[in-house]
2 protein chains.
Amino acid sequence: MNTESLAFATPQESLGILLGLVRAEIVRAMETELAAKGLNLSFTQFLILKRLARLGPMSASELARSVELDGGAMTRQLDHLEGKGYLRRCRHEQDRRALRIELTDAGNALWTQLVDCNERVLTAAQRSLSEAEQAQLQDYLERVLHALRDKS
Amino acid sequence: MNTESLAFATPQESLGILLGLVRAEIVRAMETELAAKGLNLSFTQFLILKRLARLGPMSASELARSVELDGGAMTRQLDHLEGKGYLRRCRHEQDRRALRIELTDAGNALWTQLVDCNERVLTAAQRSLSEAEQAQLQDYLERVLHALRDKS
DNA sequence: AGCATATATTTGCCTTGACAAATATACTTG
DNA sequence: CAAGTATATTTGTCAAGGCAAATATATGCT
């Protein structure tokens, strides 16, 4: 180039941008890991599977809320994941409006692979932070989140 | 509800999700602030204007890289912002392929309003963190970012 | 100079996610 | 119980962004 106005990188970013950059890198890294295993999953799909694996069966809207995904978008992701055979839409016993989304055996099997990817990426991302610092980072982020949500 | 399986909130989220949640809240808050001032700007557009105001004129692709936005998407955002009269596409003196994007007077005037919104949102977001903690959060995030980028 | 390669911008195509409307149930109150 | 309101899921529509192809320049090498 010429003017050498290095606009890239991260020169004292404001929080909003910085968060976006970090998140984008994590998403990218995760999807790369997944692709390396021959898995064709988006980060969103990974999150959905993670929730189900961690918290067990739940309704589509609970799932949507927990991942901050729109209900409509969730319906379509469920279509994909059900199509791939990783989960099942069952009837909800107490509420006939709702579904009970549960992992299939294939879904559970898949999860064991995903744990791995997840682990590797998070470890790599935080490798320059001590255990204490990692905990602190998490704490700070949670406090920021609460501050934004409770506009008290 | 029934089962009370509180899947919402933020019970020990992994970094990826947490970052997404925080960022989403910041974006939401910023756009709300903007709308409150009668401004119809997306967070992305805000970022573009911010870059130009802070770093001065630069090419479209420098701008795109610095906001982590795809080149094609940038072209379209520039269309919008130029249409609203906030910026101008000029010829780049040294490189006839490139553009020199610069703020118009209206764009600079707008920026003085945006600084305000930006300030308010970031202050609110970090209000439960001390100055020292805010700096530390920034530092941690930058370290994570570097760790992810330099896969050394 | 001639050619191959790299970069800047634009455009077309496609996917994702937000929002709103439609439908089916649930819940709440008079 | 009936009416009104709230919630769950699905579908249509739209805007935003990623990717690839097209075009115009630049740059580097021979």
Side-chain angles (χ1 to χ4, degrees), chain A residues 1-5 7-8 20-21 23-25 27-28 31-32 35 40-48 57-84 87-101, chain B residues 1-5 7-8 17 20-21 23-25 27-28 30-32 35 40-48 57-84 87-101:
Chain A
M1 302 297 99
N2 40 65
T3 27
E4 286 305 320
S5 59
F8 348 83
L21 295 177
R23 183 183 139 82
E25 288 294 339
V27 170
R28 205 165 322 184
E31 292 182 345
T32 301
N40 187 22
L41 284 177
S42 69
F43 188 70
T44 300
Q45 291 170 338
F46 159 75
L47 289 183
I48 293 170
M58 66 182 82
S59 81
S61 50
E62 284 175 307
L63 205 45
R65 277 192 299 269
S66 79
V67 193
E68 287 262 302
L69 187 63
D70 174 80
M74 179 57 72
T75 292
R76 282 172 270 240
Q77 291 298 346
L78 292 179
D79 289 343
H80 290 154
L81 292 171
E82 190 173 33
K84 292 180 183 174
L87 54 79
R88 230 188 326 262
R89 283 167 158 113
C90 305
R91 279 201 317 285
H92 194 297
E93 290 304 321
Q94 291 83 29
D95 186 342
R96 280 195 299 170
R97 293 169 303 179
L99 298 171
R100 174 190 158 92
I101 312 292
Chain B
M1 302 298 100
N2 39 64
T3 26
E4 286 303 324
S5 59
F8 347 86
I17 302 186
L21 294 176
R23 183 183 141 83
E25 288 294 339
V27 169
R28 204 166 321 184
M30 267 303 301
E31 292 182 344
T32 301
N40 187 23
L41 284 177
S42 70
F43 187 70
T44 299
Q45 292 170 339
F46 159 75
L47 289 183
I48 293 171
M58 67 181 83
S59 79
S61 50
E62 284 176 306
L63 206 45
R65 276 193 299 269
S66 81
V67 193
E68 287 261 302
L69 187 63
D70 173 80
M74 179 56 73
T75 292
R76 283 172 274 240
Q77 291 298 345
L78 292 178
D79 289 343
H80 290 154
L81 292 170
E82 190 172 34
K84 291 180 184 175
L87 55 80
R88 229 186 330 259
R89 281 166 159 115
C90 305
R91 279 201 316 285
H92 194 296
E93 290 304 321
Q94 292 83 27
D95 187 340
R96 283 195 297 172
R97 292 168 304 180
L99 298 170
R100 174 190 157 92
I101 312 293

Test item: L99(A) and H92(A) side chains (from C-beta on) under 4.5 Å apart, heavy atoms: no
Between [atom2] on [N] and [atom1] on [X], what's the gap in Å once rounded to a whole number?
| X | N | atom1 | atom2 | value |
| --- | --- | --- | --- | --- |
| L69(B) | dA15(D) | CG | P | 17 Å |
| D79(B) | dA15(D) | CG | C1' | 14 Å |
| R28(B) | dC19(C) | CZ | P | 8 Å |
| Q45(B) | dA16(D) | CD | P | 7 Å |
| M74(B) | dT9(C) | CE | C1' | 12 Å |
| H92(A) | dT7(D) | NE2 | C1' | 12 Å |
| L78(B) | dT11(C) | CG | C1' | 14 Å |
| R100(B) | dA8(C) | CZ | C1' | 16 Å |

Base dG12(C) paired with R76(B) side chain (donor-acceptor, <3.5 Å): yes
Once you round to the nearest 0.5 Å, how far does [atom1] of [X] lie from [atom2] of [Y]?
| X | Y | atom1 | atom2 | value |
| --- | --- | --- | --- | --- |
| T44(B) | R76(B) | OG1 | CZ | 13.0 Å |
| R88(B) | E82(B) | CZ | CD | 9.5 Å |
| L81(B) | F46(B) | CG | CZ | 12.5 Å |
| E68(A) | R23(B) | CD | CZ | 13.0 Å |
| L63(B) | L78(B) | CG | CG | 6.5 Å |
| F43(A) | E31(A) | CZ | CD | 8.0 Å |

Nearest heavy-atom neighbours spanning P57(A) and R100(A): CG-NH2, 3.5 Å
Provide a list of protein-nucleic acid N or O atom pairs under 3.5 angstrom, restricted to nucleotides 22-26 of chain C.
residue: dT25(C); atom: O2; partner: R97(A); partner atom: NH1; Å: 3.4
residue: dA26(C); atom: OP1; partner: R96(A); partner atom: N; Å: 2.7

Presence of salt bridge, D79(A) and R89(A), under 4.0 angstrom: yes
Upstream residue (5' side of DNA chain D) when G72(A) and A98(A) are each assigned their closest nucleotide: A98(A)
Sugar-phosphate, base or nothing in reach of T75(B), heavy atoms under 4.0 Å: base
Sugar-phosphate, base or nothing in reach of S59(A), heavy atoms under 4.0 Å: sugar-phosphate
Closest-nucleotide 5' rank along DNA chain C - winner of A73(A) and A73(B): A73(B)
Divergence of helical axes at both termini of the helix from dA1(C)-dT30(D) to dG30(C)-dC1(D) - five pairs an end, 10° steps: 30°
Any Q77(B) side-chain nitrogen or oxygen under 4.0 Å from OP1 or OP2 of dA15(D): no
OP1 or OP2 of dG17(D) under 4.0 Å from side-chain N/O of T44(B): yes
Side chain Q77(B), main chain I48(B), donor-acceptor under 3.5 Å: no
Out of dG17(C), dA8(D), dT10(C), whichever nucleotide has its closest atom nearest the side chain of R89(B): dT10(C)
